[in-house]
Amino acid sequence: MSFEHGGGIDLERDLNPAQRAAVEAGDGAQLVIAGAGSGKTRTLVYRVAHLVAGGEAPESILLLTFTRKAAQEMLRRATQVLDERCARVAGGTFHSFANRTLRRYAERVGFSAGFTILDRSDAEDLVGILRSEAGFDRRERRFPRKNTILDLFSKRINTGRSLEQLLEEDYPHFADELRPLEELEGQYAARKRRQNVLDYDDLLVFLRQLLRDHEGVRRRLSATYRHVLVDEYQDTNKLQAHIAALLVSGHGNLMVVGDDAQSIYSFRGASFRNMLDFPKIFPGTTVTVLEQSYRSTQPILDLANGILAQAKDKYSKSLFTEVEGNEKPHFVRTPDDFAQARFIVRKVLELREEGVSLSKMAVLSRAAWHSNSLEVELGNANIPFRKFGGLRFVEAAHVKDVSAFLRLAVNPLDDAAWFRVLQLFEGVGPRTARDITAAVATAGGDLAALEAKPFATRRYAQDLKRLRKVLEALADDASKDDALAVDEKVAAVVAYYRPLLRRKYDDATRREGDLEALQVIAERYRSVERFLSDIALDPPEVARRDTPPDSEDEWLTVSTVHSAKGLEWHSVFVLNLTDGHFPSHRAMGDEDAYEEERRLLYVAATRAQQNLFLLHPEELPSRGGWGSPLAEVSPLLTEIEGFDDLVVEETFSPTADEDRWADADEADGPGSDRGLLARIDDYFGH
DNA sequence: GGGAATGCGTTTTTT
DNA sequence: ACGCATTCCC
């Protein structure tokens, strides 16, 4: 198409009337309620292109999205629609925007520009240190654990409720601990400030503070970003909504896009009420509703609408489509987990024979571990796949260890990093790590403290001495000519860390591979600070499962529903639709949580363009280990009115020769050579 | 007796 | 991978 090479945009041709209205709207506040697959991204892309085409400087447009990848993708598309100018539009997540802005204005909120960022587990470690310092770990009465404590602090910040309220509503059994928790919260804040570290919530809190309390800065930023666009607005929290509003306080040019029915992040304080309340903050808001789906067939939408019909609280909207196809979603019963995996393997191979590439198929689940046995079967059948969601590359213990060294080189006051690094040594546990950390802090970050009195005679004295040397080498002034590049620093850390790694893990070889990957990633960076903040805020995507190198471009997606947000595939499989897996048993007895499970299923179903398979294993290994209780069909499905008519029901059992011990070569059984063909293709290529 | 190492059971989602 | 409990070591 010619429009890809610039020369103006054809809104008439490329957009429907509702989309066009949103794209062409004038200045002011705008709310776009966009159903699944209704061209929400397209609308944002064209809006950006339209603004730039109309003469707006690209640098004065700010696009806030849920992941950095989403922003990059949109801006890439905008450059195709218009021209290269769109690549200069500012984009990223709220957190990365906060990071960039605070680096410039850190002093205004009592930090200095070199601050380091604590991810969730670092923050937990720090809370854990404070918790035991205060003696809460050795008390008679039960005291909340570090991750519960952090949940409380985080919810207070992100929802605006008070600690007292939160305890009462969500943790009544800890209601007596209000005082100590408040105290702990104060200490946590003070400690972070002293160490010049920020956690995820702080990035937002201090950005808001900066905007709210510093008029000059607010004006300058508001003048810099003359148009602010926010994607996935249903998954923003109060704090983020406040930040967006403050950012545009000078002009009111704010466009937010979202779908209340797809709000799936309330566990971290998000509220789709932000959508409902938006027009209250900005009277005169233009509201647009996008209801036509360009993604899914009508039978899939019928089911999706059916799921939503049960929802308690929503904007009403009803999706329709002109997409061709009348195949109803399949509701597939299998005897167990294993059969479920076999069904998927068989179906995936079958679809591929029909010409659907692996990259157009996805298997979605409620929780990352639900796909464990499937992954084994995919491996047996030689189906390349990539897994998204669950534990990430940079969250793996060995990667965290290496980045902790780098953090110390940048910021020797980072207690959480010390705590982690010190425990790598033989003879150092939580208690000793805490003492050494405290000694360094008292010395104001002077590494000489490592070789001072009490520790100099312990058996780990040599380790501390070497640690000091390594850290000093890393901290060498970056402006010097012979300073190490970022990847050289990573290499230096890895070389030092390797023996420690080998002592700690029996699968050290695999982990060393990850560290090599980390080194490659580091090559792209010119400063350790940047490298570290990206690791915390925009974790690089590294496939966690082996994909045969010759099929890099073609792999099946295995993902949590959360990580599938915003994406779509020709064929989608949803795993484990049983009472307790999807919905998660954790959501039982909590109406709001249960409603979120419903929206989650809605998101899963609306990822599908042509085929949707809902799987129900009738028997799953039970959680305790003993016995194998029958798994009831997910109430999320049985509650749907007319469910039986909305789906095609089928039962699948692997044939006898397809049993658990069957060799992969015989996996497709007699009478079928489809699987064989697929494997021949795999092996020889086309 | 304090603290480190070891083993066991459980596992929602993520910036 | 983590918390938790038990065992082991200095």
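Reminder, nothing fancy here: chain letters follow the sequence lines and each chain counts from 1. Just so it is clear, the values below take in all heavy atoms, side chains as well, and ignore hydrogens, waters and symmetry mates. Just so you know, these numbers come straight off a predicted model, no measurement behind them.
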Could you state the interatomic distance from CG (A:Asn237) to CD1 (A:Ile157), rounded to the nearest 0.5 Å?
-> 10.0 Å

Please determine if a side-chain N or O atom of A:Ser563 lies less than 4.0 Å away from the OP1 or OP2 oxygen of B:dT13.
-> no

How close or far is atom C1' of B:dT13 from atom CG of A:Leu364, stated in whole angstroms?
-> 13 Å

Check the surroundings of atom CZ in A:Arg530: do more than 12 heavy atoms from other residues, nucleotides or ligands lie under 6.0 Å from it?
-> no

No-hydrogen, no-angle side-chain donor-acceptor test under 3.5 Å, A:Arg68 and A:Ser96 | no

Which is true for A:Arg431 with a 4.0 Å heavy-atom rule: it touches a base, it touches only sugar-phosphate, or it touches nothing?
-> sugar-phosphate

Dump the intermediate steps for salt bridge (Lys or Arg N to Asp or Glu O under 4.0 Å) on A:Arg502 and A:Glu512, then the final yes or no.
-> CA-CA 9 Å; A:Arg502 287 189 176 146; A:Glu512 283 175 41; 3.0 Å; yes

How many Å lie between CG on A:Leu118 and P on B:dT15, as a whole number?
-> 16 Å

Between A:Asn576 and A:Thr578, do the side chains contain an N or O donor and an N or O acceptor separated by less than 3.5 Å?
-> no

What is the per-nucleotide protein-contact pattern of nucleotides 2-10 of chain C, from the 5' end, where B denotes a base atom under 4.0 Å from a protein heavy atom, S denotes such proximity for sugar-phosphate atoms only, and - denotes neither?
-> -SS------

Would you mind reading off the distance between A:Phe455 atom CZ and B:dG3 atom P, rounded to a whole angstrom?
-> 13 Å

Of the nucleotides B:dT13, B:dT11, B:dT15, which has the atom closest to the A:Arg268 side chain?
-> B:dT15

Which part of the nucleic acid, if any, lies within contact of A:Tyr265, taking any heavy atom under 4.0 Å across all strands shown: a base, the sugar-phosphate backbone alone, or nothing?
-> sugar-phosphate

Counting heavy atoms from C-beta on, name the nucleotide in B:dT13, B:dA4, B:dT11 closest to the side chain of A:His585.
-> B:dT11

Between B:dG3 (C1') and A:Ile436 (CD1): distance, integer Å | 13 Å

Please tell me which of the listed nucleotides, B:dT13, B:dA4, B:dT15, lies nearest to the side chain of A:Phe267?
-> B:dT13

Between B:dT15 and A:Ser96, is there an OP1 or OP2 to side-chain N/O distance shorter than 4.0 Å?
-> no

Residue mapping more 5' on DNA chain B - nearest nucleotide basis, A:Ala536 or A:Phe425 = A:Phe425

Got a sec, which residues hit side-chain hydrogen bond (donor to acceptor under 3.5 Å, both in side chains) with A:Gln209, two or more places apart in sequence or on another chain?
-> none

A:Gly427 or A:Glu596: which one's nearest nucleotide on DNA chain B is closer to the 5' end?
-> A:Gly427

Distance in angstrom units between A:Lys387 NZ and B:dT14 P, rounded | 10 Å

Of the listed nucleotides B:dT15, B:dT13, B:dT11, the one nearest the side chain of A:Arg392 = B:dT15

Under-4.0 Å side-chain N/O to phosphate OP1/OP2 contact, A:Thr432 with B:dA4 = yes

Give the rounded distance in Å between these two atoms: CG of A:Leu198 and P of B:dT15.
-> 18 Å

Short side-chain donor-acceptor distance under 3.5 Å, A:Asn99 and A:Arg103 = yes

